[in-house]
Amino acid sequence: MQDVPNSELGTMMTDTPSLSPTGDPWLLTPGPLTTSPTVKAAMQHDFGSRDHNFIAINTRMRERLAGLVNGGDDYVCVPMQGSGTFAVEAMLGTLVPKDGKVLVLVNGAYGERIAKILDYHGRAKVVQQCAENLPVNVGQLEETLSADSAITHVVAVHCETTTGILNPLKEISAATARQGRKLLIDAMSAFGAVPLEASDVTFDAVAASSNKCIEGTPGMGFCIVRKDTLEACAGNCPSLSLDLYDQWVAMEKNAQWRFTPPVQVIAAFDQALNEFEDEGGVAGRGARYRENCKILLDGMADLGFEALLPAELQAPIIVTFLMPSHPRFDFTLFYDRLKEKGYVIYPGKLTVAETFRIGCIGRLGAKEMHGALEAIKDTLAEMGVDNCAPAAAA
Ligand SMILES: *Cc1c(COP(=O)(O)O)cnc(C)c1O
C-alpha cells in the first residue's frame, strides 16, 4: 500500500466516517472518480488562456504525459477538450487516412464505440468480435491480417471497462507489428495504472483522459502519438474541432489551445500529476489499485458473490459481479442503500448475464474498500438476502 493517499484521507475525514472529505459518497465507478481534496482545490483559480502561468502548466502537462510511455522524443502528447470519447474520436479521425482500413478488436462496449466512430467517419473497417468474458484472440487477429493486406490499422482497448478484462496488449502489438500494420490503443481506464511503454508495446497512438487513473477531474482527453506519424496527418480529420494534427501544430507554435481550454480542469490535472508522481507513478498507483481490487475480490467472495472473470483476466480497475438470484435481492434497492451509506457502485453493461460493477480506482484505499464491503454486508442483512449465488450456480 502507498502511504500518501490513505493517511491524507484519514486526517481529512468529516464526522460521518463513510463519506469523503467533501461529504460526498465514495465513487466506486469507472469515472468520473473520487478526487483528492488538493486536486479539487486546484480548480479555485481563473486563468486567461494566454496567461503565462497557464501556458507553463499546459507545457509541463504535455511533457509529463508523453514521458509516461517512455518513448523519448519519438512521442508527443496532444490534449483534446471533452470526455475520453472525444480523444478516441480525434485519434481515429486524425490518424486513419481516408483510404485506410481498420481492424477493430471488440470484446465490449468501448470496442463497439470505436467501430461506430469509424462508421460516422466513413472509414472502412472490419470487426473481430470476441465474447465479453474472453480476452481478444491474438491468433485470429494474425490470421485476419495475413488474409487482408488492405488493413492498415488495428485498434485495441487495453482494459475493456465493460467487464474489467485486461486485453493482451503486448501480444496484440507484436502480431500487428509483425504484419507491418499500425496499432492505435484506447487505454482510457488503464493508463497510469497498468504499464504501457514504447519499449514493450509497438504503437502509433494511445488515447486516455483526465478523469481516470491519473485521478483528475473530467473535461479533457489526450493522445500520445508517434511524432513521425502525426506529421503525415495534415488534412485527414473529417472534423475541425477534433483534428489532432491541427491542435498539435497550433500548440507547438505558441503553446496555446486553438479553442477555449478547460483551464480549471488542466490546473487540477497538473496537481493530479504531482500526486501521481508522489505516489510512485504507474508502479505506485498500480500497486494501490491492485490492493484495492484484491480486498474487493476477497471480501465479495466471502459474502458469496461470484465475479464474472477469473483472477488472471481481471484488470485492477473495475470488477464485474454476477447478480445474486435470491428473490429478495433487488439491485435498485441495493444501489440506493449503498449510496445512503456513502458508496456509489455501477450497474452492469453486459448482454450475456445480469451483472453489476464495483470500481477500484480513484482516490480510494484499503479503508474505503473495507468500508464498502461492510456497507454491502449490512445492506444484504437489511434486505434479508443470505445467499448471493447467481442463477446459474444457485
Ligand atoms: C471511460 C472510457 C472511455 C471514454 O468514455 P467517456 O465517457 O467519453 O469519458 C473510452 N474507453 C474506455 C475503455 C473507457 O473506460
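Atoms within each ligand, like the ligands themselves, are counted from 1 in listed order. The figures that follow rest on heavy atoms only: side chains count, while hydrogens, waters and symmetry mates do not.
Figure legend: cation-pi geometry between Lys212 and Tyr110, with NZ or CZ positioned under 6.0 Å from the six-membered ring centre and within 45° of its axis.
Through side-chain heavy atoms spaced under 4.5 Å, either directly or across other Ile, Leu, Val, Met, Phe, Trp or Tyr residues, Leu240 is tied to Phe259.
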Are there any N/O pairs under 3.5 Å between ligand 1 and the protein, and if so, what are their distances?
from	atom 1	to	atom 2	distance (Å)
ligand 1	8 (O)	Ser83	OG	2.5
ligand 1	8 (O)	Gly84	N	3.4
ligand 1	8 (O)	Thr85	N	2.8
ligand 1	8 (O)	Thr85	OG1	2.5
ligand 1	9 (O)	Gly84	N	3.0
ligand 1	11 (N)	Asp186	OD1	3.2
ligand 1	11 (N)	Asp186	OD2	2.6
ligand 1	15 (O)	Thr161	OG1	2.5
ligand 1	15 (O)	Lys212	NZ	2.7

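If you look at Phe191 and Phe222, their ring centroids are closer than 6.0 Å. In this structure, Phe356 has its ring center under 6.0 Å from that of Phe305.
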Please output the side-chain donor-acceptor pairs of residues 193-205 that fall under 3.5 Å, not counting sequence neighbours, one pair per line with the distance.
from	atom 1	to	atom 2	distance (Å)
Glu197	OE1	Asn70	ND2	3.2
Asp204	OD2	Thr229	OG1	2.9

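Every residue meeting the salt bridge (charged side-chain N to carboxylate O under 4.0 Å, His left out) condition with Glu252, not counting sequence neighbours, appears here in chain and number order: Arg62.
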